[in-house]
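Because only heavy atoms are used, hydrogens play no part in the values below, and waters and symmetry mates are left out as well, while side chains stay in.
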Amino acid sequence: SNNNTDCVPEEDRFKYFDDATVLEVINLLNIGLSSYRVRERIPSNIPDHNQFIQGEHLKSQQYLNLINKWTEENLMALNEKKTKSIIFNFSKKHKFTTDLLLKNQRIEIVEQAKLLGLILTSDLKWNENTNYLIKDANKRMVMLRAASKFTSDKAVLKQIYYSRVRCKLEQSAAVWSSSLTQKNIKDLERVQKSAVRIIIGKSYESYTETLKELDMKRLSERRDLICLKFAKTSLRLDNFKKLFPMQKNIHDMETRQNERYHVVRSYGKRYAVSAIPSMQKLLNKEHKKQKVALKSLLSPTNYAM
């Protein structure tokens with residue numbers, strides 16, 4: 001149902017059919033940390049840092065109780081075994097765990113979770129997700145290798161690669177593209193390099209020249225186009241256009257600050273290279289290109305021609 005998470009603020013809930021995710025930002029100054037009294041009782045789930053936040057102090061516990069109440073009143077059931085919790089905490093000093101409960105069962109805290117086909121880890125790095133995509137794409141390469149034994153038609157082999165392999169390498173690329181490490185980028189590109197070798201056959205010389213011959217782009221270039229397309233599409237949707245707010249008081253003077261779309265301020269590299277700030281920069285870059293192209297069209301030289 002669409003309204004079983006109405007108890008959660010709209011900006012903190014993410015729902016796709018029966019898969020619901022709830023986010024809570026924790027202010028440790030207001031909530032505070034507790035420690036286990038190991039002299040009285042040694043808990044089975046005690047962490048190394050011996051710090052935790054009691055579930056009743058968290059909004060997440062209130063959300064769970066209300067969602068569970070709504071579900072039972074509507075003659076449905078939540079699966080407490082499939083309900084997981086993941087903590088994103090980059091503080092080395094203030095580590096903590098929680099004891100959230102659902103139907104009197106403690107929710108398992110995990111280091112990574114698969115969310116709509118995307119592997120999300122607690123350190124917000126994309127190594128595991130990249131490895132998963134590469135592993136799955138390499139399995140699909142079997143079809144391309146088998147087809148290459150029966151036909152040398154490059155158009156057919158390209159279509160098989162596009163529909164079976166490349167689509168996997170670009171799955172949810174708008175989310176993770178800007179945060180990849182150089183190793184991640186090389187590992188992903190290596191899969192396409194192997195596919196290009198199969199498509200072109202014995203005439204393969206170099207990756208760059210073969211891409212030109214096949215009229216293909218590098219995966220890194222493709223991901224930039226995917227992110228830009230996602231941002232442009234979001235501008236037309238009411239639920240997403242708020243992610244890309246336009247600057248106020250835009251003028252025609254060429255200055256560094258005169259950008260069409262506001263780029264959110266970031267205090268750390270992790271957020272600066274994340275999806276939304278990166279796509280905001282892509283939109284500004286595309287807007288500048290369009291302005292330059294328009295000026296060249298309106299130049300006196302073009303009028304004379």
Side-chain angles (χ1 to χ4, degrees), residues 5 7-16 19-38 41-68 78 80-102 104-132 172 174-181 183-184 243 264-279:
T5 55
C7 58
V8 185
E10 186 176 355
E11 64 273 13
D12 292 337
R13 68 175 185 259
F14 310 90
K15 192 167 172 55
Y16 183 80
D19 193 326
T21 302
V22 174
L23 176 68
E24 178 184 358
V25 179
I26 298 174
N27 189 333
L28 294 179
L29 292 176
N30 296 335
I31 295 179
L33 293 173
S34 302
S35 299
Y36 292 100
R37 296 181 178 178
V38 293
R41 179 177 63 89
I42 300 178
S44 59
N45 62 334
I46 183 172
D48 295 338
H49 45 73
N50 191 25
Q51 295 182 134
F52 73 100
I53 298 177
Q54 296 180 4
E56 58 265 24
H57 295 166
L58 296 172
K59 292 181 180 179
S60 297
Q61 184 63 65
Q62 301 174 27
Y63 298 153
L64 282 172
N65 296 338
L66 292 172
I67 292 172
N68 185 53
L78 291 175
E80 63 274 15
K81 292 183 179 180
K82 287 187 176 181
T83 304
K84 308 293 182 183
S85 174
I86 185 168
I87 298 173
F88 306 96
N89 181 15
F90 301 103
S91 171
K92 295 181 179 180
K93 182 179 179 181
H94 302 293
K95 294 289 185 181
F96 65 88
T97 185
T98 62
D99 56 353
L100 297 173
L101 300 177
L102 179 60
N104 295 322
Q105 296 290 327
R106 181 177 281 106
I107 292 178
E108 180 185 0
I109 299 176
V110 296
E111 294 298 320
Q112 69 178 46
K114 195 172 184 181
L115 184 61
L116 302 179
L118 190 74
I119 296 182
L120 196 65
T121 58
S122 59
D123 58 4
L124 291 182
K125 294 181 180 179
W126 298 104
N127 299 325
E128 293 296 328
N129 185 69
T130 302
N131 294 336
Y132 162 71
S172 305
V175 178
W176 45 261
S177 174
S178 60
S179 302
L180 293 178
T181 63
K183 183 180 183 303
N184 297 151
L243 297 173
V264 64
R265 187 176 181 181
S266 56
Y267 296 96
K269 183 179 178 181
R270 183 183 294 107
Y271 186 56
V273 300
S274 62
I276 299 304
S278 298
M279 283 189 276

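Here the OG atom belonging to Ser122 is positioned 11.0 Å from the CD1 atom belonging to Ile109, to the nearest 0.5 angstrom. Distance CH2/Trp176 to OG/Ser274: 15.0 Å, rounded to 0.5 Å. Residue Asp99 holds its CG atom at 7.5 Å from CD of Gln61, rounded to the nearest 0.5 Å. To the nearest 0.5 angstrom, Leu118 atom CG is 9.5 Å from Tyr132 atom OH. Here the straight-line distance linking atom CD1 of Ile107 with atom NZ of Lys82 works out to 15.0 Å at 0.5 Å rounding. Considering CG of Asp123 and CD of Glu128, their distance stands at 8.5 Å, rounded to 0.5 Å.
For Thr181 and Asn184, the side-chain atoms include at least one donor-acceptor pair closer than 3.5 Å.
Listed here is the closest heavy atom pair of Ser266 and Ala272: OG-CB, 3.2 Å. Between His94 and Ser91, the shortest heavy-atom contact is N-OG, 3.0 Å. Across all non-hydrogen atoms, the minimal contact from Ile86 to Thr121 is CD1-C, 4.0 Å. Here the closest non-hydrogen pair linking Arg265 and Tyr271 is O-CE2, 4.1 Å.
Of the possible donor and acceptor atoms, none in the side chain of Thr5 sits under 3.5 Å from a partner among the backbone N and O of Val8. Using modelled atom types, one side-chain atom of Ser179 and one backbone atom of Val273 make a donor-acceptor pair closer than 3.5 Å. Of the possible donor and acceptor atoms, none in the side chain of Asp12 sits under 3.5 Å from a partner among the backbone N and O of Val22.
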For this session: Evaluate the side chain to side chain contact (heavy atoms under 4.5 Å, CB included) criterion for residues Tyr63 and Leu100: first the C-alpha distance (whole Å), next the side-chain angles of each, then the deciding distance (0.1 Å), finally the verdict.
Result: CA-CA 11 Å; Tyr63 298 153; Leu100 297 173; over 6 Å; no
For this session: Dump the intermediate steps for side chain to side chain contact (heavy atoms under 4.5 Å, CB included) on Ile26 and Phe96, then the final yes or no.
Result: CA-CA 11 Å; Ile26 298 174; Phe96 65 88; 4.0 Å; yes
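By the side-chain hydrogen bond (donor to acceptor under 3.5 Å, both in side chains) test, Glu24 is found to be paired with Ser60, residues two or more places apart in sequence or in another chain being considered.
Annotation: Glu111, atom CD; neighbour count of heavy atoms from other residues, nucleotides and ligands within 6.0 Å does not exceed 12. The environment of Tyr16 atom OH is sparse: at most 12 non-hydrogen atoms of other residues, nucleotides or ligands sit within 6.0 angstrom.
For the side chain to side chain contact (heavy atoms under 4.5 Å, CB included) with Trp126, the qualifying choice from Asn131, Val175, Ile119 is Val175, the only one to do so. With Ile67 as reference, Leu78 is the one residue of Thr83, Leu78, Leu102 to meet the side chain to side chain contact (heavy atoms under 4.5 Å, CB included) rule.
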